[in-house]
Each structure stands twice: as C-alpha cells, then as structure tokens.
There are 2 protein chains.
Amino acid sequence: MNTLAYALLSFLARRPMSGYDLMLAIQPLWQAKHSQIYPLLAKLETEGHVDYVLVEQKDKPDKKVYSITESGHVALQDWLQQPSGDPIIRDEMVLKLYTLWLGDHASAKRVVEERIAYFRKRLQRLEVTLADVQDEHSEVLTEPDILSPVFTRLKLLERAITTARLELDWCFDFLKQIEQSEKKPR
Amino acid sequence: MNTLAYALLSFLARRPMSGYDLMLAIQPLWQAKHSQIYPLLAKLETEGHVDYVLVEQKDKPDKKVYSITESGHVALQDWLQQPSGDPIIRDEMVLKLYTLWLGDHASAKRVVEERIAYFRKRLQRLEVTLADVQDEHSEVLTEPDILSPVFTRLKLLERAITTARLELDWCFDFLKQIEQSEKKPR
DNA sequence: CCTGTCATGTAAACGGTTACATGATTCC
DNA sequence: GGAATCATGTAACCGTTTACATGACAGG
C-alpha cells in the first residue's frame with residue numbers, strides 16, 4: 001500500500017467514482033496518470049479494499065464505478081494514525097531561479113515571467129473551484145463543521161490560494177529588482 | 001539529461017565539490033540520495049560535462065572533487081532557455097488533512113500537530129541558514145546584485161521562510177477551529 | 001475531417017528509494 | 001563499545017511517466 005493507494009481510498013470514501021473520475025479528481029492533491037491508477041484499482045479490488053459495479057452507458061463508453069469497502073475504511077483509518085512522510089517538492093523553476101546568476105537580465109526575466117504565468121493560471125483555477133464549492137455548500141460558511149468533508153476541502157483550497165498569491169508577490173518583487181539593477185549597470 | 005543532472009551542474013558552477021558535498025548541498029532544492037548522484041556524476045563525466053581530480057586526505061577518506069567543464073556550462077545555459085516542467089508537490093500530510101473528516105477531533109489534532117512540528121523544525125533550519133549566509137556575505141544586503149550567486153540564494157531562502165511561516169499560521173488557525181468545534185458538540 | 005472527451009487497459013523506460021558493501025576516524 | 005560523519009559505489013525494488021492500443025461520440 002503506497003500513498004497513492006490511500007489517496008484513491010480517500011476519494012472513494014467521499015463518493016463512488018470510476019477510475020477516470022479519480023484520475024481527474026486526484027490531480028490537485030497527488031499527480032498520477034491513468035496508467036498508474038487503473039492497475040492500482042485492480043490491485044485494491046483483489047485485496048478487498050474496494051469493489052465496483054459495471055455501469056453501461058449509451059452515449060459514452062461503459063465504466064467501472066468503484067466504492068470503498070469496510071476493509072478499505074479500516075485501512076484508511078489505520079493510515080491516518082501513522083506518521084506521515086515529509087513533503088517532497090520538485091520545482092524545476094526554483095532550480096532555474098537558483099541558477100539565474102549564470103545568465104543575463106533578459107534570461108532572468110524570462111524565467112520569472114514563466115513562473116508568473118504558471119501561478120496566475122493556477123490561482124485562477126483555484127479561485128473558480130473555491131467559488132464553485134462555496135456555491136454548492138453555503139452551509140459550511142454559516143456553520144463550520146471540521147468533520148464535514150467539505151470543510152477540509154475548503155480549508156485546503158484557501159491555503160492553496162494564499163500560497164499562490166504569495167508566490168506571485170515574490171515574483172513581482174523579484175522582477176522589480178531585476179529591472180532596477182538593469183537601469184544602473186555596474 | 002534529467003533535472004537532477006542540471007541541478008548538479010548548477011551547484012558545480014558555483015564551486016567544485018565532491019559527490020558527497022553535492023548530496024548534502026542539493027537537498028533543499030532537489031531531494032536525491034547518494035545512490036542516484038554517484039552514477040549520474042560518472043555519466044556526466046563520460047559525456048564531458050564535468051571532470052574531477054582525486055584529492056587524497058589523511059584523516060578522512062579520499063574524494064573526487066568534480067568541476068563543471070565548458071561543455072557543462074553550455075548545457076546549463078541551454079537548459080535555462082528551455083521551458084520548465086510544472087512544480088510537483090507530494091505532500092502526504094495534505095492528503096491526510098483532506099481525509100480528516102473520516103476521523104474524530106483527536107486524530108484531526110494529531111495530524112495538524114505533526115505538521116506544525118515539521119514546519120517548526122524546517123523554519124528553524126531555514127532561519128539559521130539565512131543568518132549564516134547574511135553573515136558571510138554582508139555585501140549582498142548593501143549592494144544587491146541580481147547576477148551574483150548569493151543574491152538568488154538569499155531570495156529563495158526568504159521565500160522558503162515566508163512560506164513556512166504561512167503554513168504554520170494556517171495550521172494554528174485550523175487547530176483553533178478544531179478546538180472550538182470540540183467545545184460545542186452537535 | 002479533425003480534435004477533444006470519455007473510458008480502460010498494457011508495456012517499456014525512467015526516476016528515485018532502500019538495501020547491500022566497505023572502511024577509517026571521531027565523539028560520547 | 002557504539003553511533004555519527006566522511007566517502008564511494010552497486011543492485012534490487014518501487015513509483016511514475018511515456019508510449020502503445022482501441023473505440024465511440026460530440027462539436028467546430
């Protein structure tokens with residue numbers, strides 16, 4: 001059982017989904033391709049942590065809708081009690097920022113602007129998602145309940161948005177400093 | 001040539017180092033074990049991007065001190081111009097936060113407190129490093145120069161510290177909300 | 001007609017971790 | 001005496017990405 005397996009169980013604990021749905025839903029929290037998810041779901045099924053029903057569709061291809069089993073719930077609960085692995089960040093752009101001194105002002109600008117574009121896009125996506133969640137679940141705002149699945153989702157969304165804004169601010173500050181040092185060359 | 005290879009070149013462009021030194025220095029920007037770094041350095045050497053001299057030591061084991069070559073510099077510069085991969089974050093604790101609604105207040109607290117402990121430690125390490133860099137390079141503060149290797153390092157350190165503080169604030173806020181909802185049970 | 005979405009799978013290759021292997025020195 | 005640091009390497013395994021493979025429907 002790896003982390004992705006628990007991630008799948010966690011999503012299935014919220015609602016039954018197909019492997020395709022899971023693949024899309026899981027992206028913000030744990031990047032994974034369908035080629036990793038489908039075999040894992042099959043493995044979780046043989047272990048009895050999930051089961052599925054084949055749902056036939058007319059306009060779209062048939063699908064397997066997976067649900068978490070009692071055994072899966074136990075595994076999830078157990079995982080929650082275990083100590084977690086440290087966060088791992090693989091950010092190629094940060095590595096390039098670290099290497100900027102090798103180049104010139106123009107290439108420095110390009111790297112920072114690429115980063116701005118990325119976080120602008122990300123921030124926009126996050127804000128749309130937040131608005132959607134708030135629309136569909138107005139009750140969470142008036143009566144916050146930690147043990148509701150929507151509350152934790154909202155909290156994580158807010159956190160992601162604050163972080164993205166911070167990253168953008170940092171980039172703008174950096175850009176300004178680059179432009180200032182361009183004006184007064186040594 | 002993968003990202004780790006460019007990371008190694010980037011560090012060697014700052015100063016010649018052994019594989020062991022690289023392994024330690026690279027951790028904050030790109031996690032990698034020595035078992036990945038040593039073979040990669042050998043590969044980079046056969047490709048002519050780095051070379052090394054064997055330095056014999058009396059009190060410690062001998063070491064290979066690697067330097068970047070002209071060809072390595074060209075490869076690095078080329079990489080800087082290429083578009084970067086999106087940042088990838090694998091944070092098991094975030095996944096658990098997302099799953100908190102399944103458990104009770106006590107287990108929710110435990111997960112958040114584990115996260116607080118992690119970021120407290122990280123913040124402390126980062127602050128010590130920042131102080132060290134500022135001590136050794138006071139010139140960067142009085143006359144900031146974007147194209148100096150210390151400047152980019154300092155900028156990234158400041159960014160990491162701000163992010164860690166933000167994570168901690170978020171955790172404390174979450175903890176408070178958990179405790180509040182404990183007092184008024186539904 | 002072509003591209004994108006829905007839907008599921010397998011195989012090969014690459015990236016990364018854990019374990020195996022060795023050995024001297026230093027510090028508790 | 002035992003653990004930690006310095007130092008380099010290999011091998012097996014696990015996790016992840018990319019490519020191969022198929023097919024129907026919808027929209028521009």
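Note: hydrogens, waters and symmetry copies are ignored here, and every other heavy atom, side chains too, is used. Chain naming here is simple, since letters A, B, ... match the order of the sequence lines and numbering starts at 1 in each.
For a distance-only test at 3.5 Å, the side chain of Ser35(A) qualifies as a donor-acceptor partner of the base of dT18(D).
Here dG9(C) is the nucleotide among dT8(D), dC6(C), dG9(C) with the atom lying nearest to any side-chain atom of Tyr66(A). Listed candidates were dG16(C), dT16(D), dC6(D). Nearest to the side chain of Trp30(B) is dG16(C). For Asn2(A), the side-chain atoms get nearest to dG15(D) when compared with the rest of dG15(D), dG23(C), dT5(D). Distances from the side chain of Tyr38(B) to the nucleotides dA7(D), dT8(C), dT16(D) place dA7(D) closest.
Mapping Leu24(B) and Met1(A) onto DNA chain D by nearest heavy atom places Leu24(B) closer to the 5' end of the strand.
If you check the side chains of Asp132(B) and Thr129(B), you find no donor sitting under 3.5 Å from an acceptor.
Look at CG on Leu44(A): it is 13 Å from P on dG9(C), rounded to the nearest Å. Atom pair Ile88(A):CD1 and dT18(C):P shows a separation of 9 Å (rounding to whole Å applied). One atom, CE of Met17(B), and another, C1' of dT8(D), lie 16 Å apart when rounded to the nearest Å.
With hydrogens and angles ignored, the 3.5 Å screen pairs no side-chain donor or acceptor of Ser10(A) with any backbone N or O of Thr99(B).
Contact annotation: Arg90(B) side-chain N/O to dG16(C) OP1/OP2 distance is not under 4.0 Å. Here Gln31(B) does not reach the OP1 or OP2 of dG16(C): none of its side-chain N or O atoms lies under 4.0 Å away. When the side-chain nitrogen and oxygen atoms of Gln36(A) are compared with OP1 and OP2 of dG15(D), none of them lie within a distance under 4.0 Å. An OP1 or OP2 oxygen of dC6(C) is reached within less than 4.0 angstrom by no side-chain nitrogen or oxygen of Gln57(A). Close to dA26(D), at under 4.0 Å from its OP1 or OP2, lies no side-chain N or O of Lys60(A).
Connection of Val111(A) to Val74(B) is not established within any shared hydrophobic cluster, with ILVMFWY side chains joined at heavy-atom distances below 4.5 Å, either directly or through further cluster members.
At a threshold of 4.0 angstrom between heavy atoms, the contacts of Lys33(A) include nucleobase atoms, whether or not backbone atoms are also involved.
Annotation: cation-pi geometry not satisfied between Lys63(B) and Tyr20(B) (NZ/CZ under 6.0 angstrom from ring centroid, within 45° of ring axis).
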